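As a basis for the values below, the full set of heavy atoms in this structure was taken, side chains included, without hydrogen atoms, waters or symmetry mates. Just so you know, these numbers come straight off a predicted model, no measurement behind them. Chain letters run A, B, ... following the sequence lines, proteins first and then strands; every chain starts at 1.
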Amino acid sequence: MEQNKKMAELLLPAVNKKPQYYEELYPQRKLPDGARVTRIAPSPTGYLHLGTLFAALINRITAASTGGVFYTRIEDTDKKREIEGGIADIIGGLLRFGITADEGFVEENRQAGEYGPYRQSQRAEIYQTYAKELIERGLAYPCFCTAGELDEVRKIQEKNKIRTGYHGEWAKHRNITYEEAKALINSGKPYVIRLKSPGSEQNTVVFEDCIKGKIEMPENDEDFVILKSDGIPTYHFAHAVDDHLMRTTHVLRGDEWISSVPKHLQLFKLLGFRPPKYGHIAPIMKLENGAKRKISKRKDPEAAVHFFAEQGYDSECVTEYLMTVASSDFEDWRRANPDKPYGEFKFNLKKMSVSGALFDRDKLDSVSKTVVSTFDSSAVFKKLTSWAEEFDPDFGKILTANPEYTRRVLSIDRDVSKPRKDIAKWSDAKDYFSYFFETLYKPDLTLPENISRGDAKLFLQKYQAAYDPSDDRTAWFEKIKSIAPKLGFAEETREYRANPDKYKGHAGDLSTVLRTAVTGRRNTPDLCEIMRVLGYDTCIARIGEAINSL
RNA sequence: GGCCCGGUGGUCAAGAGGCCUAAGACACCGCCCUUUCACGGCGGUAACACGAGUUCGAAUCUCGUCCGGGUCACCA
């Protein structure tokens with residue numbers, strides 16, 4: 001007993017607080033029954049990853065739908081792997097995609113909340129306080145093994161087909177005495193603090209995962225590291241201490257963590273903490289050479305959330321898509337509630353998929369088109385121009401050169417009862433609207449096969465003479481129809497279908513000729529409206545050019 | 001390799017022993033609507049990994065095989 005206290009003093013002399021101090025500093029939260037406290041705890045070792053966004057969304061909505069708290073915590077305990085600007089990218093990215101935190105890193109550079117600091121590198125003393133207590137209780141000890149020694153042990157274990165790791169009789173320093181430790185420290189040897197695991201592989205731990213259901217695993221018997229040689233905790237230890245002190249009720253994280261649950265449960269028990277509920281989220285996968293694999297930051301552009309921003313996927317579209325992946329009944333709910341924000345959806349972790357879903361770009365685009373179709377033209381103007389200014393400045397200049405004109409362009413077939421679903425992401429817009437802007441206009445004047453050049457030319461000449469920009473939709477089409485019989489075309493599509501041999505085509509074919517002449521393409525939204533927006537002069541000029549090229 | 005988890009159409013999935021002749025969505029195809037395209041409507045192609053059990057009855061329960069994924073650090 002005395003030995004343990006001496007050992008603790010030897011290893012962590014600077015720590016003078018007791019766990020009780022922190023227990024009082026961070027009291028139980030006063031929340032309504034059933035309220036869940038969740039968090040996302042990213043590590044700034046890379047840019048915001050799709051999986052992180054996905055997990056954040058699930059945590060956010062779980063807290064929101066129960067009247068709980070969602071907070072962000074930065075897990076920067078590995079300073080070797082940390083990258084410049086990582087925190088800003090991750091927090092900024094979450095914000096950009098509509099994930100706001102109640103507490104923690106509420107902005108890139110601002111922490112808020114009573115349970116902080118929310119950055120692990122600022123919490124060293126807290127972890128050490130709990131580690132020191134563990135040492136005093138004989139539940140943790142210093143280990144002086146070098147990486148090389150550990151490696152050698154592992155090789156022996158592998159060779160003899162023994163389970164690898166620092167456990168049982170392989171735990172070299174498990175029973176180190178105060179004197180031995182002191183001598184090694186005095187000789188300048190670095191050391192880590194390991195948990196003295198009381199577990200046995202023979203025992204089974206059972207826990208109920210909120211997503212995957214009942215899971216059984218062998219108890220942890222590994223004397224894993226809790227404090228690294230620099231005095232900073234490992235993930236496992238920081239998780240136990242932080243989620244306890246921050247009063248997290250539900251830890252919803254990627255399922256790569258599932259195999260360390262026995263470690264975590266053991267830590268909570270030994271520290272006298274009540275463990276949180278765990279929910280392990282299946283990763284988003286990607287198909288490569290016929291094989292599924294976890295989407296990877298290094299290989300897949302779409303793994304970095306930045307990709308979606310660059311492509312111009314609106315944040316709502318991405319979250320909407322992610323919700324369909326997250327919950328099998330979300331789409332049904334959406335059909336019943338087309339206008340509600342996704343936050344009102346009654347999210348149920350049980351409805352989550354147990355195994356990883358493939359990232360489906362087609363589905364994203366489809367969901368996205370539907371979402372974009374609900375935006376009115378002024379929203380589109382705002383979103384499109386701000387996207388363009390950031391990611392395609394030349395296009396941005398074109399769009400903002402004449403805002404009134406651009407607004408009219410964007411409102412075509414938009415502020416109507418059945419808006420078109422043509423645009424999935426803002427980067428689609430440049431080509432889609434290109435014929436409205438002279439600098440982008442690249443006409444393709446190829447005619448439909450059933451129209452001869454002569455007929456096309458004749459038609460355009462007649463139309464050019466008759467064109468009246470003040471015609472409404474009906475009058476506009478009547479004009480085309482009235483020219484049709486003169487060229488041997490049927491006025492009505494139905495009439496043409498009934499007697500295809502009597503005609504060269506129908507009025508619709510002629511409108512395609514006009515469409516081609518005016519927009520340089522065969523397929524567009526309502527041509528009459530387009531011509532009105534383009535204006536008389538442009539239309540006449542383009543028709544004239546088309547006539548000349550025929 | 002050990003330990004976990006999982007296999008329903010091309011993709012996401014509903015499904016909790018009889019309601020399954022297996023829903024829906026995306027993609028694909030056809031038809032209708034239609035000034036083109038898109039939207040919308042209608043229809044179509046397409047699946048319970050395999051093998052044994054249990055049971056009157058299995059996509060659903062059990063076991064095995066195969067396949068896929070995750071994890072075995074002083075990384076998170």
Worksheet entry | Rounded C1' spacing from B:A13 to B:G24 in Å | 8 Å
Discussion item. Tell me if a side-chain donor or acceptor on A:Arg522 pairs with a main-chain N or O of A:Arg515 at a distance below 3.5 Å.
Written reply: no
Worksheet entry | Base B:U35 paired with A:Arg515 side chain (donor-acceptor, <3.5 Å) | yes
Discussion item. With a 3.5 Å limit on both atom pairs, tell me what B:C63 is paired to, counting Watson-Crick and G-U wobble, or say none.
Written reply: B:G51
Worksheet item: Can a salt bridge be assigned to the pair A:Lys481 and A:Glu478 using a cut-off of 4.0 Å between side-chain N and carboxylate O?
Response: yes
Discussion item. Is the terminal nitrogen or CZ of A:Arg521 (NZ for Lys, CZ for Arg) located under 6.0 angstrom from the six-membered ring centre of A:Tyr435 and within 45° of that ring's axis?
Written reply: no
Practice prompt. May I ask you to verify if any side-chain N or O of A:Arg420 is less than 4.0 angstrom from the OP1 or OP2 atom of B:C37?
Written response: no
Worksheet entry | Whether A:His264 and A:His236 hold their rings parallel, tilted or perpendicular, with breakpoints at 30° and 60° | tilted
Worksheet item: In whole Å, what is the span from the NZ atom of A:Lys263 to the C1' atom of B:C72?
Response: 7 Å
Item to complete: Using the P atom on both, measure B:U60 against B:A38 and round to a whole Å.
Response: 42 Å
Worksheet item: For A:Pro525, which contact category applies under a 4.0 Å heavy-atom criterion: base, sugar-phosphate, or nothing?
Response: base
Item to complete: Provide the distance between the two P atoms, one in B:C29 and one in B:U45, to the nearest whole Å.
Response: 16 Å
Worksheet item: What does A:Ser511 touch in the nucleic acid at a heavy-atom separation under 4.0 angstrom: a base, only the sugar-phosphate, or nothing?
Response: base
Worksheet item: Relative to A:Tyr118, does A:Arg39 satisfy both conditions: NZ or CZ under 6.0 angstrom from the six-membered ring centre, and within 45 degrees of the ring's axis?
Response: no
Worksheet item: Looking only at atom C1', what distance separates B:G53 and B:U71, rounded to whole Å?
Response: 33 Å
Discussion item. Taking only the C1' atom of each, what is the distance from B:C75 to B:G70 in whole angstrom?
Written reply: 16 Å
Item to complete: Scan every strand shown for a Watson-Crick or G-U wobble partner of B:C42, both distances under 3.5 Å, and answer none if you come up empty.
Response: B:G30
Worksheet item: Within this structure, what is the NE2-to-C1' distance between A:His239 and B:C75, rounded to whole angstrom?
Response: 16 Å
Fill in: Whole angstrom value for the distance that separates P of B:A73 from CG of A:Asp151
10 Å
Worksheet entry | B:G9 and B:A22, which share atom name P, separated by this distance in whole Å | 14 Å
Fill in: Atom C1', compared across B:G68 and B:C61: separation rounded to whole Å
23 Å
Worksheet item: Would you say the base of B:C74 and the side-chain of A:Ser229 have a donor-acceptor pair closer than 3.5 Å?
Response: yes
Discussion item. Does B:G1 have its OP1 or OP2 closer than 4.0 Å to a side-chain nitrogen or oxygen of A:Arg163?
Written reply: no
Discussion item. Roughly how many Å apart are B:A47 and B:A23, using the C1' atom of each and rounding to a whole number?
Written reply: 13 Å
